[in-house]
Amino acid sequence: MLKIYNTLAREKQIFTPIVAGKVSMYVCGMTVYDYCHLGHARVMVVFDMVSRWLRTSGYDVTYVRNITDIDDKIIKRANENGETIGQLTQRFIDAMDEDSEKLGVIRPNLEPRATEYVDGMIQMIAALIEKGFAYVASNGDVFYSVNNFEGYGKLSGKSLEDLRAGERVEVDTHKRDPMDFVLWKSVKPNEPSWDSPFGGPNGGKGRPGWHIECSAMSSHHLGERFDIHGGGQDLQFPHHENEIAQSEAAHSHDGKPCQMVNYWMHNGFVRVDDEKMSKSLGNFFTIRTVLEKYDAEVVRFFILRAHYRSPLNYSDQHLDDAKLALTRLYTALRGHDVVDTVIDWQHPQAARFKVAMDDDFNTPEAMAVLFDLANEANKTKSSEAAGLLKNLAGVLGLLQRKSDAFLQGEVIIELTGIQAKGSTGQLTSIVENLVKTTHCAVGALVGQDSAMSGMAARITKENIDELIVTRSEAKKAKNFVESDRIRKELAEAGIILEDSPQGTTWRRA
RNA sequence: GGCGCGAUAGCAAAGCGGUUAUGCCGCGGCCUGCAAAGCCGUUUAGACCAGUUCGACUCUGGUUCGCGCCUCCA
């Protein structure tokens, strides 16, 4: 029986869907004006894991993750770049898709873009005005009147009184109450706008506020009421609080609000040096930067190794650690010809895995099961254990590559400490020397001008295989000096050899 | 200032009122020509102070420290 920590109730609750067998889930996605950072990666991976587990549990899941493609920052950035808003947002949507695919994230069923739902937003705002929850200010902005919504603050646990006491922004004089928030922004020069019936000095022309976007898109696709709404912890207030106020008021029937969401889920932050990773602090790492150095599956593993509600500290050391741990799992799979089969949930380890996942998606505990299975597979050479390991890991979107694809990977070694300056000819001789001493085939040069500070060489698998053969012959001849020399050279190039009765295998360090 | 979350071994990270978490690192052993991988064993825990209890890392209260939200933010 699945239990979910519901932010609304501040406790774990048994999950009961509105419609038996079906789950409707909405997650606040990205505002696309820049590359996604690791914080975004966490949202994508966490809710991907949630949707996978719901599906594994037999639910028919409709997963919606929106894209905010109109907002202050987008307009500003497009102007700075001298490109259209459409060009900018498409560019970063493409980048986001690339990143998420690498992280093994299955595309949500629907990825609505805000600009395609403006009509729905206008309708919703109109309904709010009509029902007395919103008003048109003298400047043409439309505001939500928080005083008129009784449950305001129920998600974030804040009272209007406390919020006003902590008010830190200068009060917009057009608002009736400092806590009122904008639903419709009256048009400004050089900004995109849509027609609306709200009137005011600009004849109603304007664009939607951020909060109304999610209310409109979620109800459009999932209805007035749906099962799960997710997002980062920082969206709890004001974004999700405002979504509730908007949706429940707009969908009220006979003056009674209609509960929008049954289960609110919030993932913890990614931190750097124990501080929240964010654009404003400037301490963020983009996904693509991290993927230059680390395998995407290592990043996914790193994210899922922590519980989704806990803070997750990012550092190279932690990524290195995750890489070693994942290497152990893939090593256990090596040599087993594993096929995808239906998981036998009666198996003790599978049952343990299920209990963990059903307990508010306890992926760290589920991972512990994977390591126990790895130990069993190593110990008993049992392909059954290896198969269960691979299939259970597959539920988390892990361990689906051939083990050698992970263990050997793309072999690029970086030769550091080389300060080379000179003509192309001189550089070529340096490279040739490197090839001679390291037995590497040079495939790429970093910094191909005459002043190089570094160089990357690529060892091909054929090179390694040849060296392994040479070494085996040396070993057979008991020439251990030669065989150890070869092994040492490869080790310096980042290739680790492993002898076994079946022969010698290799993997990257 | 208001509201909330957290503090577990060298690092990371879970469960659990009494019985091995797990991974990395360390140490000893097996295996190996030697390694690596693997296997076996093993050292390091529960911020602090009280209370409840036969028994607390686990429950309650307090203290200290850290973090987040209260403004855009995943």
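Note on naming: letters A, B, ... go to the chains in the order of the sequence lines (proteins, then strands), and numbering restarts at 1 for each one.
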With sugar-phosphate meaning primed atoms plus P, OP1 and OP2, does [X] contact a base, only sugar-phosphate, or nothing at under 4.0 Å between heavy atoms?
| X | answer |
| --- | --- |
| A/Q233 | nothing |
| A/D359 | nothing |
| A/G232 | sugar-phosphate |
| A/L497 | base |
| A/A325 | sugar-phosphate |
| A/V270 | base |
| A/M277 | base |
| A/S310 | sugar-phosphate |
| A/G29 | sugar-phosphate |
| A/R471 | base |

Say you pick atom [atom1] in [N] and the same atom in [M]; how far apart are they, in whole Å?
| N | M | atom1 | answer |
| --- | --- | --- | --- |
| B/G18 | B/G2 | P | 37 Å |
| B/G28 | B/A47 | P | 31 Å |
| B/C31 | B/A36 | P | 15 Å |
| B/C67 | B/A12 | P | 15 Å |
| B/G29 | B/C11 | C1' | 25 Å |
| B/G26 | B/G62 | C1' | 38 Å |
| B/A45 | B/U8 | P | 14 Å |
| B/U19 | B/A37 | C1' | 32 Å |

I want to check one thing: is the phosphate of [N], taken as OP1 and OP2, less than 4.0 Å away from some side-chain N or O of [X]?
| X | N | answer |
| --- | --- | --- |
| A/K475 | B/C34 | no |
| A/R328 | B/G23 | yes |
| A/N378 | B/C39 | yes |

Any strand: nucleotide that pairs with [N] via Watson-Crick or wobble, under 3.5 Å:
| N | value |
| --- | --- |
| B/G23 | B/C11 |
| B/G4 | B/C67 |
| B/C48 | B/G62 |
| B/C57 | none |

Can you check whether [Y]'s main-chain N or O pairs, donor with acceptor, with [X]'s side chain at less than 3.5 Å?
| X | Y | result |
| --- | --- | --- |
| A/R300 | A/G104 | yes |
| A/H347 | A/Q349 | yes |
| A/E241 | A/K154 | yes |

Separation of [X] atom [atom1] from [N] atom [atom2], in whole Å?
| X | N | atom1 | atom2 | result |
| --- | --- | --- | --- | --- |
| A/R305 | B/U22 | CZ | C1' | 10 Å |
| A/D321 | B/G10 | CG | C1' | 12 Å |
| A/D372 | B/U20 | CG | P | 13 Å |
| A/F353 | B/A21 | CZ | C1' | 16 Å |
| A/L281 | B/C69 | CG | C1' | 14 Å |
| A/N375 | B/A37 | CG | P | 15 Å |
| A/Y330 | B/A36 | OH | C1' | 21 Å |
| A/L370 | B/G15 | CG | C1' | 16 Å |

Checklist line | Over-ring placement of A/R65 relative to A/F47, 6.0 Å and 45° cut-offs | finding: no
Note to self: Would A/R107 pass as a cation-pi partner of A/Y63, given that its NZ or CZ must be under 6.0 Å from the six-membered ring centre and within 45 degrees of the axis?
What the structure shows: no
Of the options [options], whose atoms approach the side-chain atoms of [X] most closely?
| X | options | value |
| --- | --- | --- |
| A/F269 | B/A74, B/U22, B/C70 | B/A74 |
| A/D162 | B/C3, B/A74, B/G33 | B/C3 |
| A/F237 | B/U22, B/A74, B/C70 | B/C70 |
| A/H37 | B/A74, B/C69, B/G38 | B/A74 |
| A/M179 | B/U71, B/A12, B/C72 | B/U71 |
| A/H307 | B/A36, B/C72, B/A14 | B/A14 |
| A/F371 | B/C67, B/C70, B/G23 | B/G23 |
| A/E498 | B/C69, B/A74, B/A37 | B/A37 |
| A/E275 | B/A74, B/G15, B/G68 | B/G68 |

Under 3.5 Å donor-acceptor pair, [X] side-chain atoms to [N] base atoms:
| X | N | result |
| --- | --- | --- |
| A/N313 | B/C67 | no |
| A/K379 | B/C39 | no |
| A/R487 | B/C34 | yes |

Check: So does A/E191 have more than 12 non-hydrogen atoms from other groups sitting under 6.0 Å from CD?
Finding: yes
Checklist line | Pair A/D320 + A/K293: basic N to acidic O under 4.0 Å | finding: no
Margin query: If you assign A/R352 and A/Q317 each to the RNA chain B nucleotide with the nearest heavy atom, which residue ends up on the more 5' nucleotide?
Written below: A/Q317
Note to self: Closest-nucleotide mapping onto RNA chain B: is A/P364 or A/K276 further toward the 5' terminus? I mean the 5' end.
What the structure shows: A/P364
Notebook entry, point to check: Hey, do the aromatic rings of A/H221 and A/Y117 have their centres closer than 6.0 Å?
Noted result: yes
Next item on the list: Examine A/F92 together with A/Y35 and report whether their ring centres are nearer than 6.0 Å.
Entry: yes
Next item on the list: Using the side-chain contact (heavy atoms from CB on, under 4.5 Å) rule, pick out the option among A/R309, A/H229, A/H240 that qualifies with A/H266.
Entry: A/H240
Item checked: ring centroid sep under 5.5 Å plus plane angle under 30, A/F480 with B/G33 -> yes
